[in-house]
Amino acid sequence: MNFLEERIVKDGIVKKGNVLKVDSFLNHQMDIRLFEQIGAEFKRRFEGKNITKILTIEASGIGIACIVARYFDVPVVFAKKSQSINIEGDVYVAEVESFTHKRTNQVIVSKKYLSPEDKILIIDDFLANGCALQGLISIINAAGAAVEGIGIVIEKGFQMGGHTIRNLGYHLESLAIVDSMDPTTGAIYFRDRSQGVHNAENSECIN
Ligand code: 5GP
């Protein structure tokens, strides 16, 4: 097990509905030493890539993205969730269905902060069905910028997102891939990185 998998086993809580709670170190209270290890590991995995900006989505991606950005020495832009139906033309917009809240948000990024010259590293805490990532990718495409890589802290490998995003040809690096988890016993099983097969549940995003 790597440093993150060890921490997930120690402090993660398996909830019903395929939800893994990591509030004590990632999503609510934040362990910044752990975030630094995460930043260093993403830097290693995306070594040689010319990254000009990190893009994430509010709220839980922001803290992680800020620490990761120190290792790449680039700014962070986060997509804002917006309730407004009167969005003006100076923003890129995507519809994102929230896995945890089961509702659809519009997320927006100002056109000022993404340009066709940008080479973007997307960072997020979780990958489940891939809806958040697909929204961010569509915003980057609308800006004419390039997706250089995608760094995910925890991928739930039994949901479709990772499979879909890799099939689209993106360089996706997940620091821990959970292949199964059991809410009754609390057991969490990680993907053996030497094996590439998995059975993902079927699910769809709206994008
Ligand atoms: P997706 O869009 O890939 O379906 O879900 C990704 C988003 O949903 C992440 O940004 C994360 O905030 C949230 N999420 C998905 N699964 C989990 C989970 O098991 N635990 C927590 N804490 N958040 C999750």
Side-chain angles (χ1 to χ4, degrees), residues 4-5 7-31 34-35 38 42 54-68 76-82 93-109 120-140 147 150-168 170 172-184 186-191 198 200-207:
L4 180 67
E5 292 166 338
R7 188 61 179 269
I8 294 168
V9 166
K10 183 167 162 276
D11 293 328
I13 298 166
V14 182
K15 297 281 191 186
K16 284 197 211 120
N18 287 332
V19 172
L20 176 62
K21 283 287 228 186
V22 285
D23 280 2
S24 66
F25 61 95
L26 197 76
N27 282 151
H28 193 10
Q29 174 168 258
M30 297 184 280
D31 180 339
L34 182 81
F35 282 25
I38 289 169
F42 280 137
I54 287 178
L55 180 67
T56 189
I57 183 165
E58 74 175 355
S60 45
I62 298 174
I64 302 160
C66 288
I67 305 292
V68 174
V76 174
V77 176
F78 64 92
K80 293 186 176 200
K81 290 176 183 158
S82 165
V93 188
E95 303 278 328
V96 174
E97 193 178 301
S98 158
F99 175 80
T100 36
H101 301 109
K102 307 278 180 246
R103 63 161 185 257
T104 301
N105 286 306
Q106 277 187 322
V107 299
I108 58 166
V109 174
I120 309 284
L121 174 62
I122 300 177
I123 293 289
D124 205 4
D125 59 343
F126 271 92
L127 172 54
N129 295 328
C131 303
L133 281 187
Q134 293 207 28
L136 294 177
I137 291 168
S138 76
I139 284 175
I140 294 168
V147 180
I150 301 171
I152 295 292
V153 180
I154 305 172
E155 174 180 335
K156 292 186 293 177
F158 52 87
Q159 292 176 286
M160 262 321 265
H163 187 69
T164 309
I165 296 290
R166 288 189 182 89
N167 273 353
L168 289 170
Y170 293 106
L172 166 63
E173 293 282 346
S174 301
L175 302 191
I177 304 182
V178 175
D179 257 346
S180 65
M181 49 190 203
D182 185 340
T184 350
I188 300 169
Y189 301 97
F190 295 101
R191 182 166 310 171
H198 68 128
E201 280 180 354
N202 241 337
S203 54
E204 286 178 357
C205 309
I206 47 166
N207 272 296

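All ligand and atom numbering here is 1-based and tracks the order in the structure. Predicted, not measured: the structure shown is a model, and the values here were computed from it.
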For Glu58, does its backbone N or O pair with a side-chain atom of Lys80 as donor and acceptor, under 3.5 Å?
no
Shortest non-hydrogen separation from Phe126 to Asn27 and the atoms involved
CE1-OD1, 3.6 Å
Give the minimum heavy-atom separation between Glu173 and Phe42, together with the two atoms involved.
O-CE2, 3.7 Å
What does the 4.0 Å heavy-atom contact list look like for ligand 1?
Asn18, Val19, Leu20, Asn27, Ser60, Phe99, Thr100, Asp124, Asp125, Phe126, Leu127, Ala128, Asn129, Gly130, Cys131, Ala132, Lys156
What distance separates Ile122 CD1 from Tyr170 OH, expressed to the nearest 0.5 Å?
7.5 Å
Could you tell me the separation between the NE2 atom of His28 and the NZ atom of Lys21, rounded to the nearest 0.5 Å?
8.5 Å
For Thr56 and Ile123, indicate whether the former's side chain and the latter's backbone hold a donor-acceptor pair under 3.5 Å.
yes
